[in-house]
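Written out below as structure tokens is the structure these notes cover.
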Protein chains: 2
Amino acid sequence: MAPKVPRQQQPDFPRPYTTVDVVIFTVLDEALKVLLVQRPLDTSDPYPGRWALPGGFVDIERDADLLACARRKLLEKTAVRSPYLEQLGSWGSATRDPRGWSSTHAYFALMPAQDVQLAKGANAADVAWFEADAALAGPSLAFDHAQILKAAVDRLRGKVEYTSLPAFLLAEPFTLPQLQKTYEIVLGRPVDKSGFRTRMMAADFLEEAGVVESASHRPPMGYRLKDRSMPVFFPRTFSPRGEP
Amino acid sequence: MAPKVPRQQQPDFPRPYTTVDVVIFTVLDEALKVLLVQRPLDTSDPYPGRWALPGGFVDIERDADLLACARRKLLEKTAVRSPYLEQLGSWGSATRDPRGWSSTHAYFALMPAQDVQLAKGANAADVAWFEADAALAGPSLAFDHAQILKAAVDRLRGKVEYTSLPAFLLAEPFTLPQLQKTYEIVLGRPVDKSGFRTRMMAADFLEEAGVVESASHRPPMGYRLKDRSMPVFFPRTFSPRGEP
DNA sequence: GCAATAGTGTCTATGAGACAATATAGA
DNA sequence: TCTATATTGTCTCATAGACACTATTGC
């Protein structure tokens with residue numbers, strides 16, 4: 001009697017599609033922005049003309065691993081080589097892509113707006129920055145990208161409470177008032193100046209980069225990150241007393 | 001001239017394998033344990049005889065989405081239907097599986113040891129609980145499962161500092177001393193009794209379930225979770241003063 | 001000196017940690 | 001009453017938040 005071989009052990013059982021999507025954040029015009037690409041109108045691809053997160057299929061010839069794939073997508077759309085990049089989560093189901101069972105590995109990236117050169121790709125009619133909250137409230141995105149974007153915004157807003165993540169949204173050198181402003185933009189609320197400075201200095205992740213030439217008034221100190229590869233975690237949160 | 005169609009838009013470009021792995025935790029014999037399965041010796045599958053996380057290929061016929069797939073793996077190995085289940089992350093590369101480019105979606109589960117009936121599956125020579133730290137220090141696991149397990153243990157230990165997760169490791173009703181003990185086992189350090197109780201009560205996620213019949217001495221109050229679907233987040237951490 | 005922004009000092013309520021005290025059961 | 005465990009109370013000190021104050025520039 002032949003041993004029962006489960007279907008999954010056969011070499012050629014059907015496989016889902018595998019994609020990588022990247023939520024790219026920056027701060028521009030005093031707002032948290034996210035990069036979206038418009039899907040082409042003149043193809044048979046799903047969601048023609050709709051805005052979507054940059055991303056696409058894993059190319060098993062070119063991509064050594066998921067992170068490399070995310071970096072490739074990032075480089076193609078923004079020409080930025082090594083921003084802060086963090087895995088966000090994955091979404092997969094039989095129905096999220098009309099072409100068939102697919103799963104996507106989502107990443108999110110933080111970069112200074114100055115670094116970005118928007119690239120009109122072959123497969124994207126257009127590329128543009130959208131205010132994060134507007135992109136969530138506005139006309140619905142392709143696939144389940146609204147869900148993914150919401151998860152990314154929630155994760156970013158959450159982590160900003162207790163990490164140095166906003167520093168990755170600024171070009172170096174930056175000043176403490178600029179950094180504070182960035183925290184306030186992402187959090188959507190003001191932050192106490194004195195407490196903010198104490199917190200940043202206590203975390204010991206900045207190094208002085210010389211006083212910045214300012215337009216007028218007292219010139220501020222410029223800072224650089226001691227280590228651009230990782231954010232720092234603060235012991236507590238910025239939350240007002242009562243709230244979690 | 002024919003438009004250049006990227007290889008990826010063709011319907012039949014090569015796809016990676018897609019799998020789901022589950023890190024199943026429980027507390028047993030005063031230790032944090034993780035469920036591992038031994039890979040069969042008598043097949044051509046990779047890593048014969050090695051211990052691995054329970055998991056396997058997504059079955060696009062049976063699994064509606066990734067979570068459903070994780071639940072299926074869970075049910076097959078433990079006969080537990082709805083434990084606490086959280087997405088951990090994903091790992092994918094050309095080399096992690098010798099059969100070819102593959103990506104896995106990892107989940108972690110928390111369950112009371114009492115609930116589990118270990119099942120010897122068709123594709124697993126054996127199933128057993130291992131102490132979490134021993135599994136990490138001991139002989140290496142199949143694939144990149146040591147990496148995944150480490151991420152799971154780190155995530156669990158990290159979240160225990162500020163969430164009610166350990167409650168999902170206990171059968172209801174449980175007592176506050178039992179819950180405290182569970183926190184101490186996962187954290188690997190003692191916790192102050194008074195502060196612990198204040199914290200738990202302030203979080204308001206427990207409901208009384210009547211006094212528990214005890215062997216002797218003062219009988220403790222039994223508790224149930226008000227909501228088994230989600231953990232509660234505490235405002236602060238258990239960390240001793242100096243440490244983060 | 002004045003305006004504007006950068007940076008520091010000070011006061012206080014809160015709340016966590018440490019530990020002491022009380023409560024309730026069986027023997 | 002004694003013992004063992006459960007549960008509550010108290011004291012103290014660090015710190016986050018609020019806000020006032022000083023510092024340094026250009027005009």
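As a basis for the values below, the full set of heavy atoms in this structure was taken, side chains included, without hydrogen atoms, waters or symmetry mates. A, B, ... follow the sequence lines: proteins, then strands. Residue 1 opens every chain.
- A:Arg197 places its CZ atom 13 Å from the C1' atom of D:dT22, with the value rounded to the nearest Å.
- Atoms CG (B:Leu187) and P (C:dG17) sit 12 Å apart, rounded to a whole Å.
- B:Lys193 is linked by a side-chain hydrogen bond (donor to acceptor under 3.5 Å, both in side chains) to nothing, counting only residues two or more places apart in sequence or in another chain.
- Atom CG in B:Leu206 sits about 12 Å away from atom P in D:dT7, given to the nearest Å.
- Distance CD (B:Glu208) to P (D:dA6): 16 Å, rounded to an integer number of Å.
- Rounding to whole angstrom units, CD of residue B:Gln180 and C1' of D:dT5 are separated by 12 Å.
- Shown here are the side-chain contact (heavy atoms from CB on, under 4.5 Å) partners of A:Pro190, two or more places apart in sequence or in another chain: A:Glu184.
- Here the side chains of A:Val34 and A:Val23 are in contact, with some heavy-atom distance below 4.5 Å.
- In this view, A:Glu172 and A:Phe174, A:Arg224, A:Leu225, A:Arg228 satisfy the side-chain contact (heavy atoms from CB on, under 4.5 Å) rule, not counting sequence neighbours.
- Sequence order on DNA chain D of the closest nucleotides to A:Ser194 and B:Asp192 puts B:Asp192 first from the 5' end.
- Atom-to-atom, CE of B:Met200 to P of C:dG17 comes out at 11 Å; the value is rounded to the nearest Å.
- For a distance-only test at 3.5 Å, the side chain of B:Thr198 fails to qualify as a donor-acceptor partner of the base of C:dG15.
- Looking at residues two or more places apart in sequence or on another chain, you find no side-chain contact (heavy atoms from CB on, under 4.5 Å) involving B:Glu213.
- For B:Ser194, the side-chain contact (heavy atoms from CB on, under 4.5 Å) test picks out B:Asp192, B:Thr198, with sequence neighbours left out.
- Distance, A:Glu213 CD to C:dT5 P: 18 Å, rounded to whole Å.
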Grab the N/O contacts between the protein and nucleotides 21-27 of chain C below 3.5 Å, and write none if there aren't any.
residue : atom : partner  : partner atom : Å
C:dA23  : N3   : B:Arg218 : NH1          : 3.1

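- Rounded to an integer number of Å, the gap from A:Phe196 CZ to D:dG17 P is 13 Å.
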